[in-house]
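Below you'll find the structure, written out as structure tokens, and then a few comments.
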Amino acid sequence: MSNHSGSYMLNQVIEILDRHEMFSGIETTTAQTAIKEIIEMATNKYDCNRGEILEGYAQQFNLCYSCLADDANLDDGLCATCLRGWDETD
Ligand SMILES: [Zn+2]
């Protein structure tokens with residue numbers, strides 16, 4: 001059971017920060033570090049879901065929502081390694 005409301009609350013926080021262009025004046029790696037720190041805190045302490053937090057933003061931050069790898073070639077939010085992992089579970 002994961003904390004869906006907490007996950008979507010954080011997704012909306014990212015949306016608010018993005019709408020106010022809080023990520024536009026900083027280095028991509030700085031934004032990635034901040035987003036990863038939020039996601040790790042939320043998943044480790046509050047049982048949140050990485051995919052729900054990053055929904056609509058994985059591509060923007062070049063972060064795979066599954067493993068949080070820095071990847072500019074995400075497919076539906078997933079890096080090639082995680083995508084292969086998903087395919088194998090089908
Ligand atoms: Zn990945």
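If you read the sequence from its start, that first residue is 1, and numbering goes on from there. Given the structure is predicted, the values throughout are model-derived calculations rather than measurements.
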Could you please spell out the steps behind the side-chain contact (heavy atoms from CB on, under 4.5 Å) verdict for L54 and L68? CA-CA 10 Å; L54 271 179; L68 299 181; 4.2 Å; yes
Looking at side-chain heavy atoms only, is the closest gap between L74 and C64 below 4.5 Å? yes
Between S66 and L78, the two heavy atoms sitting closest are CB-CD2, 3.6 Å
Please name all residues satisfying side chain to side chain contact (heavy atoms under 4.5 Å, CB included) with M22, sequence neighbours left out, ordered by chain then number. L17, H20
Extract all donor-acceptor atom pairs below 3.5 Å that involve side chains of residues 25-37 and protein atoms in other chains or at least two apart in sequence.
residue : atom : partner : partner atom : Å
Q32     : NE2  : F61     : O            : 2.8
Q32     : NE2  : D70     : OD1          : 3.2
T33     : OG1  : T29     : O            : 2.7

Distance check, rounded to the nearest 0.5 Å: I38 atom CD1 versus R50 atom CZ? 13.5 Å
Hey, what do you get for SG (C79) to CG (L63), rounding to the nearest 0.5 Å? 10.5 Å
List the steps, then state whether side-chain contact (heavy atoms from CB on, under 4.5 Å) holds for N62 with D71. CA-CA 5 Å; N62 288 342; D71 193 326; 5.9 Å; no
For residues 41-49, dump all side-chain donor-acceptor pairs below 3.5 Å to protein atoms at least two apart in sequence or in another chain.
residue : atom : partner : partner atom : Å
T43     : OG1  : I39     : O            : 2.8
T43     : OG1  : E40     : O            : 3.4
N44     : ND2  : E40     : O            : 3.1
N49     : OD1  : G51     : N            : 2.9
N49     : OD1  : E52     : N            : 2.9

side-chain hydrogen bond (donor to acceptor under 3.5 Å, both in side chains) filter on Q59, not counting sequence neighbours, yields none
Partners meeting side chain to side chain contact (heavy atoms under 4.5 Å, CB included) with E55 (sequence neighbours left out): Y8, N11
Which pairs with one or both residues in residues 9-21 pass salt bridge (Lys or Arg N to Asp or Glu O under 4.0 Å), sequence neighbours excluded? E15-R19
